[in-house]
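Values below: every heavy atom of this structure, side chains too, minus hydrogens, waters and symmetry copies. Just follow the structure's listing: the first ligand is 1, and inside any ligand the first atom is 1. Sequence positions, counted from 1, serve as the residue numbers for this chain.
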Amino acid sequence: MTKTICSYCGVGCGFEVEGKVKGDKTHPSNEGLICKKGSLEDKVVNNRILKPLFRENKEDEFREISYEEAIKIVANKIKNTSPQKIGFYLSGQLLNEDYYIANKLAKGFIKTNNVDTNSRTCMASAVVGYKKVIGSDYVPLTMEDALNCDLYILAGSNIAEAHIVFFNRVKKAKKKGLKVVVIDPRFTKTAEIADLYIDINVGGDIYLFLAMQRKFLDDGMIDFEFLRKKAEFSEDFFENLRQIDIDEYLKKAGVSKDKFEKLIELWKSNQNIVGSWTMGLNQSSEGVEKNIAFINLFLLTGKMFKNLNGPLSLTGQPNAMGGREVGGLATTLAVHLDYTPENVKKVEEFWGTTAIPTKIGLTADEMVKKGNLECLIVAHTDPVYHLPNRHETEKAFRDIDLVVELNAYKGSETSKFANLIIPVAPWGEKEGTQTNLDRVITLQKPFREKQAKQDWEVFADIGKALGFSGFDFSSSKEVFNEYKEMTRLSPDMNIYECDYDELENKPFRWGKNLDSAIGGKAKLIWIDKQNRSLIPDSEYPFLLITTRLANHWHSMTKTAQVIKDEVDFVEMNEEDMKSLGIDEGDVIEIVSKFSIISLKAKKSKIKKGVVAIPMHLKGINYLTNNILDPISKEPDYNHTPVRINIL
Ligand SMILES: Nc1nc2c(c(=O)[nH]1)N[C@H]1C(S)=C(S)[C@@H](COP(=O)(O)OP(=O)(O)OC[C@H]3O[C@@H](n4cnc5c(=O)[nH]c(N)nc54)[C@H](O)[C@@H]3O)O[C@H]1N2
Ligand SMILES: Nc1nc2c(c(=O)[nH]1)N[C@H]1C(S)=C(S)[C@@H](COP(=O)(O)OP(=O)(O)OC[C@H]3O[C@@H](n4cnc5c(=O)[nH]c(N)nc54)[C@H](O)[C@@H]3O)O[C@H]1N2
Ligand code: SF4
Ligand SMILES: [Mo]
C-alpha cells in the first residue's frame, strides 16, 4: 500500500493506493473521504507523451528527438537570449520541488524575473487582498475553523463541485448546527444545503458588502474596541460608509431587502463566523476590491484573529499554496519574501549567486502578450487554453521563437503552438511535496514505474547544461531539504521544522504560531464599487460566467480519459429561454465581441440575464474578455457581455 495525496483540488485529500485508490482515514484534510474523480485518478494512464518532440517552425510536423538534444536546444536558446526575453510559465499543480528548482533556475541563475504561474488567473486577487489587509499572504484559517464555527458564508464559491470532500464535511457539520449562507448568481449544488441563499447579480458583491457594512454601523455592530487594538483606520472610513444608501446598493446588488435582513440577523445571532470565497470574487476586474470588501466585514465586527473566525480563502489547485510559498508568483522573490534589496541579498547568499533581478517581473497574461518574449517555458499548465481572449493569446504564442512545453499527456492546446515538447512523469510516477489550502504539506509518492523525468529534473538538467552549479540533486528529498532550509529566511515559515521522511505518515501544517504572528495589526481600507468591466448593451445583453463541474478537471487531459460527463452546454434562466423561444437541448450560438461558440441550451436556476458555460470546454476562452484587475492582474473571466443567436 502506498500513501499519497490527490493531485486535483486544494482540499488535498490523503490517499491509500493498493489495487485501487481509497481515502486515507488518518489524513486531516479528508478523514477517509474521497470524490469520484479522485477515486479514478489511478485509472488515468493513456495519452502519455514519452518522447521529446521538436519542430523548428510551428507550421512543421513534430519529429522525435532524444532527451539530451531537447535539453541542448533549450540551453542554447537561453544562452543566446537576453534574460528579459525569457519567461517561465509555471503552475499551481507543480510539486514544491518542481517549483523550487524552476524558480531557482529562472530568478537565481538565468536572472529573469518573468516567472509567473496559472495561479495568477486563480488566487492572485486573494493574495493581494490578504497582503493589503493583514500584511501577508498566509491564509490564516483552516478548514476546521469553517467546520466548527457557527455561521459559514460562501461567496462566489461552489464547494459542492470544486472542493467536494470539504463540502461533504460541511454537510456533516450542518447536522451539528452549522449554518450556511451562499452568495452566488446561480442556485448551485452548494446553495441546495444553504440556510440562506443570496441570488446576487454578477459583479454585485461590493454593493452587498458595503450595504452590510453600513447596516453594521447603523445597528451598533462595529467592534470599535477591537479596531482600536487591532487595526489601523481613519475616521474617513466611517464618513464614507455613512454616504452609502442601503436600498440603492441592494438594488444594484440584485438582493432583496428580505434576504438582506435575514443575512444581518444571522450575523447578529451567531458568535463565530467564517467566510470563504473562490473564483466568484477573485476572477474579476475588481477582484482585489471584492476581497478587501469581504474581509472588512470580519474586521469591522471583530471576527478576526481569533479561533473559528475570519476570512478563509479557498485555494483551487492542489499546490497553489506551495507555489505562493516557494515564490512562483512574479510578485514574490522566494519563500514569501518580496523584492526588497535586503531580501535579494539574502536569497543571493543562500543560492550562491549574484545579480538576481531586483524588481518584480511580468505577470502571466502580460508576459505572454506584452513581454515580446523569445523563449517561453511552460510547465504543468495550458495557457493557450486558460488565458482570456484566446485569439490574442494564440497570436502571442505564434510570435514567440521557442515555446517549450513540459507535459505528461498529449493534446494540450499549448502543444499546438509549441516548438519543443518535453515529456515528464505525472502523478503516480513522480515524488514530492504538496501544500493544500490550509497549509498542510503532504508527500506525493509514486506507485508506478517512472517513464520520464519529473519536472524538477528537467529544470535541473537545463541548469546543468548551462553550466550553473547548485542543480546537482539526486532525489526529491534532497531538493525539499534545500527548500526547507531556505524557509529560515522567512520570518514566519517554519517548514524547516518538518522531516521529509515523516511526511508520508504525518502531514505537516506549517505556521502553528502564525495566528498570533499575523494577529498583529490589520489595515481597514475603504473600498467602493469600481466599474472596469465591460457592460452589457443592446447588442450583447447577457453576461457570461464560466464555471466548474464536479467530475472534470480544467482542460480534462486526465478526467476525460475516465469520465464522460458532458461539458458542451450553456446554462440559462428558464424565463430567458422562454422569451427567446429556446427549448432544453436546442443548439444556440453564444456570441461575444471576441468570438462565437455553439452549444446546447440547459435550464438552470441562474439569475436572469446571466449565462454560464463550463470552463472545461477547451475553446471557452475564445469568448472571454481581456480585462485584468489592475493590481492583481487576474482576468475578468466572469464578466463578458454576450448575445444569444438562435440557429
Ligand atoms: N471539479 C473540479 N474542482 C475544482 C477544479 C476543477 O477544474 N474541477 N478546479 C480547482 C480550481 S483551480 C479552482 S480555482 C477552484 C474554483 O472553485 P470555485 O470558484 O468554487 O468554482 P467556479 O465554478 O469556477 O466558480 C464559483 C462560483 O462563482 C459564481 N460567480 C460567478 N460570478 C460571480 C459574482 O460576480 N459574484 C459571486 N458571488 N459569485 C459569482 C459562479 O456562479 C460559481 O458558482 O476549483 C478547484 N476545484
Ligand atoms: N474562462 C475561464 N478560464 C479560466 C478559469 C475560469 O474559471 N474560466 N479558471 C482559471 C484558473 S482558476 C485556473 S487554475 C486555470 C487552469 O488552467 P490550466 O492550468 O491550463 O489547466 P489544466 O488542464 O489543469 O492544465 C494542466 C496541464 O498539465 C498537464 N500535466 C498533468 N500532469 C503533469 C505533470 O506531472 N507535469 C507536467 N509538466 N504537466 C502535467 C496536463 O496534461 C495539462 O495539460 O484556468 C484559468 N482559466
Ligand atoms: S476533493 Fe479534491 S483533493 Fe479530495 S479527492 Fe476530490 S479532487 Fe481530490
Ligand atoms: Mo484555479
- In terms of atom number and element, which parts of ligand 1 are under 4.0 angstrom from non-hydrogen atoms of Ala550? 1 (N)

- Item | Ligand-residue contact atoms, ligand 1 with Leu549, heavy atoms, under 4.0 Å | 1 (N), 2 (C), 8 (N)

- Query: So which of Glu286, His639, His554 gets nearest to atom 7 (O) of ligand 1, if we judge by its closest heavy atom?
  - Reply: His554

[X] versus ligand 1: do any nitrogen or oxygen atoms come within less than 3.5 Å of each other?
{"X": "Trp553", "value": "no"}
{"X": "Ala162", "value": "yes"}
{"X": "Met279", "value": "yes"}
{"X": "Gln283", "value": "no"}

Should [X] be counted as touching ligand 2, given the test is an N or O pair under 3.5 Å?
{"X": "Gln317", "answer": "no"}
{"X": "Tyr409", "answer": "no"}
{"X": "Thr546", "answer": "yes"}
{"X": "Ser91", "answer": "no"}
{"X": "Ser412", "answer": "no"}

Quick check on [X] - does any of its heavy atoms sit under 4.0 Å from an atom of ligand 2?
{"X": "Gly92", "result": "no"}
{"X": "Arg548", "result": "yes"}
{"X": "Lys430", "result": "yes"}

- Query: Nearest protein heavy atom to atom 47 (N) of ligand 2, by residue and atom, and its distance?
  - Reply: His386 O, 3.0 Å

